[in-house]
There are 2 protein chains.
Amino acid sequence: MNLEIDFRSGIPIYLQVVERIKERIAGGSLPLGSQLPTVRSLALELRVNFNTIARAYRILDEVGIISTQQGRGTYVMEISPPEVSEKIRQKALVALTQRYLADANRLGASSEELSEIMKDKVTIWQQTGHLPDPEPDVE
Amino acid sequence: MNLEIDFRSGIPIYLQVVERIKERIAGGSLPLGSQLPTVRSLALELRVNFNTIARAYRILDEVGIISTQQGRGTYVMEISPPEVSEKIRQKALVALTQRYLADANRLGASSEELSEIMKDKVTIWQQTGHLPDPEPDVE
DNA sequence: AGTACAATGATACAATTATACAATGAGACA
DNA sequence: TGTCTCATTGTATAATTGTATCATTGTACT
């Protein structure tokens, strides 16, 4: 990986890591979809605690640049958010809806029952600006 | 099998698999007594380690919904209701809707745009009694 | 000095994977 | 029929990965 980190610059290590990785991705030396070093291995390389790397990764994850998955590793996102073009987006939306209706249909839902459920959720969505947390497991 | 699981959701994969399979059984697309995919084949399909699938199967087995037998395979229990009954079905439906809206939200869809798409599909659904074939995935 | 706060480290934990293992069943063959 | 072999199935356990929480360190400001 060989990131250039300056321990004396006064800039927090985790922020430096964030920047270096952003640069690597932008420059193409970290291909989309490729796996980043594990938090522990990169930490070892930089002689730093692995939580510091985890912090950097978490920031990049929240921005949507990488995807961190517990037990699996962290990967460069295939398509960073701005690149998702409008046409692709719409197609995805239609496909998503299609799958949703098919699944609901398999569960024996009528369109009336569906719109009833949908109404509740959308109301909350519009009023609060975000969706409610997923409900607990179906025991 | 074609289960929809989200690696980024933060919800453990094995729990997602549990839910998706519960829904399939509740919806009848996994008939009672039928064999589920082997842990290895489903793992291959989802690009996941087969122990993750085994964990999901073990949970479903402990609840009594499926029966896993070493060397033979795993099967949907002949009598899984009352576990999988009307209440479960409704819960599954709500959960499904929730996930759908969350996904759509991530795609930047407004509720207006959504209901527009939905309207088209549902109209066809009601007029023809079945849904049009799903469009190809946009990966 | 003392306090507050951000950065970093230590530790325990949860999810996933890797590897080796045991049970089952199908086919070959005596 | 018996049993051998082998591929296929699920199981068990340890290693690997990221996560959560709290402790420690350092720095700026009173």
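Bear in mind that the values here come from a model prediction, so they are computed numbers and not experimental data. Residue numbers begin at 1 in each chain, while the letters A, B, ... track the order of the sequences.
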**Asked** Could you give the angle between the helix axes at the two ends of the helix from C:dA1-D:dT30 to C:dA30-D:dT1, with five pairs per end, rounded to 10 degrees?
**Response**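 The end axes of the helix from C:dA1-D:dT30 to C:dA30-D:dT1 are about 10° apart, to the nearest 10°.
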
**Asked** What residues in residues 2-14 of chain A put a non-hydrogen atom under 4.0 Å from any atom of DNA chain C?
**Response**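 Within residues 2-14 of chain A, the residues near DNA chain C are A:P12, A:I13, A:Y14.
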
Excluding sequence neighbours, so at least two apart, what forms side-chain hydrogen bond (donor to acceptor under 3.5 Å, both in side chains) with [X]?
| X | result |
| --- | --- |
| A:R55 | A:Y14 |
| A:S41 | A:T38 |
| B:E113 | A:R89 |
| A:S9 | A:Q16 |

**Asked** Going by the ring pair (Phe, Tyr, Trp, His ring centres under 6.0 Å) test, which pairs reach into residues 87-118 of chain A, not counting sequence neighbours?
**Response**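 The answer is A:Y100-B:Y100.
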
For the [atom1] atom of [X] and the [atom2] atom of [Y], what is their distance to the nearest 0.5 Å?
| X | Y | atom1 | atom2 | result |
| --- | --- | --- | --- | --- |
| A:S111 | B:M118 | OG | CE | 11.0 Å |
| A:I117 | B:L96 | CD1 | CG | 9.0 Å |
| B:I13 | B:I53 | CD1 | CD1 | 8.0 Å |

**Request:** Quick one: which residue pairs count as a salt bridge (charged side-chain N to carboxylate O under 4.0 Å, His left out) with a foot in residues 17-43 of chain A, not counting sequence neighbours?
**Result:**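 Every salt bridge (charged side-chain N to carboxylate O under 4.0 Å, His left out) pair that includes a residue of residues 17-43 of chain A, provided the two are not neighbours, is A:E19-A:K22, A:R20-A:E23.
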
**Item:** Atom pair distance, as rounded to whole Å: CD in A:Q35 and P in D:dT17
**Value:**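 Those two atoms, CD and P, are 8 Å apart.
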
**Message:** Whole angstroms only, please: what is the CD1-C1' distance between A:I66 and D:dT19?
**Reply:**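 So the two atoms are 14 Å apart, to the nearest Å.
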
Under 3.5 Å, which N/O atoms of the protein pair with N/O atoms of nucleotides 21-29 of chain D?
none

Under 3.5 Å, which donor-acceptor pairs do the side chains of residues 65-73 of chain B form with other protein atoms, sequence neighbours left out?
| residue | atom | partner | partner atom | Å |
| --- | --- | --- | --- | --- |
| B:S67 | OG | B:Q69 | NE2 | 3.1 |
| B:Q69 | OE1 | B:R72 | NE | 2.5 |

**Asked** Does B:T68 have a side-chain nitrogen or oxygen under 4.0 Å from the phosphate oxygens OP1 or OP2 of D:dT11?
**Response**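 Answer yes for this pair, as a side-chain N or O of B:T68 is under 4.0 Å from OP1 or OP2.
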
**Message:** Contact list please: residues 52-62 of chain B against DNA chain D, heavy atoms, distance less than 4.0 Å, in numerical order.
**Reply:**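 Result for residues 52-62 of chain B: none.
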
**Request:** Applying side-chain contact (heavy atoms from CB on, under 4.5 Å) between A:Y57 and each of A:V18, A:T52, A:L36, report the one that passes.
**Result:**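 Among A:V18, A:T52, A:L36, the one that satisfies the side-chain contact (heavy atoms from CB on, under 4.5 Å) with A:Y57 is A:L36.
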
**Message:** Less than 4.5 Å apart, side chain to side chain, heavy atoms only: is that true for A:D61 and A:T74?
**Reply:**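 A side-chain contact under 4.5 Å is absent here.
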
**Message:** Within the structure provided, determine whether B:R99 and B:D6 are in side-chain contact (heavy-atom separation under 4.5 Å).
**Reply:**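 No, side chains not in contact.
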
**Asked** Just by modelled atom types, is the B:L93 backbone N or O under 3.5 Å from a matching donor or acceptor in the B:T97 side chain?
**Response**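 At least one qualifying donor-acceptor pair exists.
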
**Asked** Within the side chain of B:T123, is there an N or O that forms a donor-acceptor pair under 3.5 Å with the backbone of B:K119?
**Response**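 Flag set: sc B:T123 to bb B:K119 pair under 3.5 Å.
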
**Message:** Students should find this one: the first and last nucleotides of DNA chain C, 5' to 3', lying under 4.0 Å from a heavy atom of chain B. What are they?
**Reply:**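 First-to-last contact on DNA chain C, by the 4.0 Å heavy-atom rule, is C:dA15 to C:dG25.
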
